[in-house]
Amino acid sequence: MYQNIDELVHAANQLAGLTLAELAERCGIMIPSSLRREKGWIGQLLEFALGASAGSKPQQDFPELGVELKTLPIANNGIPLESTFVCTAPLLHQQKITWETSSVHHKLSAVLWIPVFGDRQQDIASRMIGNPWLWHPTAEQEKIIRQDWEEIMELIALGKVESISARHGEALQLRPKAANGQSLTPAIGGEGTIIQTRPRGFYLRSSFTRELLHMQFYL
DNA sequence: CAGTGATCATAG
DNA sequence: CTATGATCACTG
């Protein structure tokens, strides 16, 4: 598809300024009236438009380029509306995972952020694609994320998953990630027992992506 | 009214 | 179930 990252970034730049209605029309995709039942629709539209490998592979969107694609919903006041899902959290057999081999580190090593402007109540069609940018964590950013990750992973290893709330972590937080509250997955419980708990995922706080935006466009 | 905890669609 | 893509919606 793309010979190098520059070609991908160039292609993404061509989409800046388009409304979602314009992009959806180009792609021959119908626009849902609400994201209520299709929360990932915008992300999937951008994946399709840029030719990312579809499907549910536990890999980056552009494996040969080592790049992850993420849309970032931005309110018209310029602030991210939502946190950003990174990956699911390993709750079992995670003792062998180090920061260097973790999915969080892998997924966040290179991210092509695509801002999508529009307030929550704004219709989807009129939301506009902004200027994308390729992000590699700075040493300082990686340090913060790594510390959050290590604290959370230690609590998981100690059998304290259920005591971890979304308040933990400066940039990276742990939250439920499941179809519903009935979903269960095994995890380490107290005294090394195995318990069933809600699947969790790692998310980047919107306060963190807000800083990324600021560094990219206002510094 | 921001942020946490819950939830939706789809593929394998 | 897990993975992908995320936003919804209740609560403090």
Side-chain angles (χ1 to χ4, degrees), chain A residues 12 20 23-24 27 29-63 67-94 97 102-104 106-108 111-125 127 129 132 148 152 161-187 194-211:
Chain A
L20 293 186
L23 183 59
C27 296
I29 295 174
M30 295 295 292
I31 299 180
S33 55
S34 163
L35 295 180
R36 179 172 308 198
R37 293 198 169 283
E38 295 175 70
K39 300 183 180 185
W41 187 83
I42 296 177
Q44 287 162 346
L45 174 65
L46 269 300
E47 281 190 342
F48 180 85
L50 291 173
S53 36
S56 56
K57 293 186 288 295
Q59 274 299 322
Q60 289 153 314
D61 297 295
F62 297 96
V67 172
E68 175 74 11
L69 187 67
K70 291 280 179 206
T71 57
L72 189 61
I74 313 285
N76 292 324
N77 63 10
I79 294 176
L81 280 167
E82 298 287 348
S83 53
T84 300
F85 174 69
V86 179
C87 59
T88 53
L91 303 182
L92 209 55
H93 305 143
Q94 86 293 60
I97 303 172
S102 71
S103 295
V104 173
H106 193 234
K107 285 280 178 78
L108 298 183
V111 177
L112 180 61
W113 294 99
I114 302 186
V116 176
F117 291 92
D119 290 324
R120 278 200 171 87
Q121 72 279 12
Q122 185 175 332
D123 60 58
I124 298 166
R127 298 186 192 183
I129 299 167
D148 289 339
I152 291 168
V161 237
E162 306 209 292
S163 73
I164 306 173
S165 83
R167 296 168 189 79
H168 254 95
E170 180 180 337
L172 192 73
Q173 59 180 175
L174 193 75
R175 303 221 306 274
K177 166 63 174 175
N180 55 59
Q182 299 2 288
S183 307
L184 292 174
T185 193
I194 301 298
I195 60 171
Q196 293 294 127
T197 190
R198 289 158 29 249
R200 314 298 166 91
F202 286 112
Y203 295 77
L204 246 26
R205 291 184 182 280
S206 55
S207 57
F208 183 79
T209 52
R210 182 177 65 206
E211 289 307 308

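Note that the structure is a prediction, hence the values are computed from the model and not measured. Reminder, nothing fancy here: chain letters follow the sequence lines and each chain counts from 1.
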Write out a two-atom table: protein N or O, nucleotide N or O from nucleotides 9-12 of chain C, distance below 3.5 Å.
from	atom 1	to	atom 2	distance (Å)
C:dA9	OP2	A:R36	NH2	3.4

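Across A:A171 and A:D148, no two heavy atoms sit closer than the pair N-OD2, 2.6 Å.
A:E68 comes within 4.0 angstrom of sugar-phosphate atoms only, judged by non-hydrogen atoms across all strands, and of no base. If you check every strand for non-hydrogen atoms under 4.0 Å, A:F48 touches nothing. At a threshold of 4.0 angstrom between heavy atoms, the contacts of A:G40 include nucleobase atoms, whether or not backbone atoms are also involved.
Looking at residues two or more places apart in sequence or on another chain, you find a side chain to side chain donor-acceptor pair (under 3.5 Å) between A:E162 and A:T197. Evaluation of the side-chain contact (heavy atoms from CB on, under 4.5 Å) rule for A:R210 yields A:I79, A:P80, A:S207 as partners, not counting sequence neighbours. Contacts of A:F208 classified as ring-ring contact (aromatic ring centres under 6.0 Å, His included), with partners at least two apart in sequence or in another chain: none. With sequence neighbours excluded, no residue forms a salt bridge (Lys or Arg N to Asp or Glu O under 4.0 Å) with A:E38. Under the side-chain contact (heavy atoms from CB on, under 4.5 Å) criterion, A:Q196 pairs with A:L184, A:P186, not counting sequence neighbours. Not counting sequence neighbours, the partners of A:P63 by the side-chain contact (heavy atoms from CB on, under 4.5 Å) test are A:S53. Shown here are the side-chain contact (heavy atoms from CB on, under 4.5 Å) partners of A:S33, two or more places apart in sequence or in another chain: there are none.
Proximity of A:S206 to the phosphate of B:dA2: no side-chain N or O atom is located under 4.0 Å from OP1 or OP2. OP1 or OP2 of C:dT4 lies within a sub-4.0 Å distance of a side-chain N or O belonging to A:K107.
For the segment residues 83-90 of chain A, residues with any heavy atom less than 4.0 angstrom from an atom of DNA chain C are, sorted by number, A:S83, A:F85, A:T88. Contact check of residues 170-187 of chain A against DNA chain B (heavy atom, cut-off under 4.0 Å) returns A:Q173, A:R175, A:P176, A:K177, A:A178, A:A179, A:N180, A:G181.
Counting only residues at least two apart or in different chains, salt bridge (charged side-chain N to carboxylate O under 4.0 Å, His left out) contacts with residues 78-91 of chain A comprise A:E82-A:R120.
Set against C:dT7, B:dG5, C:dG5, the side chain of A:L35 has C:dT7 as its closest nucleotide. Closest to the A:S165 side chain, of the nucleotides B:dG5, C:dA6, C:dT2, is B:dG5. Set against C:dG5, C:dT7, C:dT2, the side chain of A:P199 has C:dT2 as its closest nucleotide.
Proximity of A:L204 to A:S83: side-chain heavy atoms (C-beta onward) are nowhere separated by under 4.5 Å.
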Show me the donor-acceptor pairs, under 3.5 Å and distance only, between side chains in residues 68-75 of chain A and residues at least two apart or in other chains.
from	atom 1	to	atom 2	distance (Å)
A:K70	NZ	A:F85	O	2.9

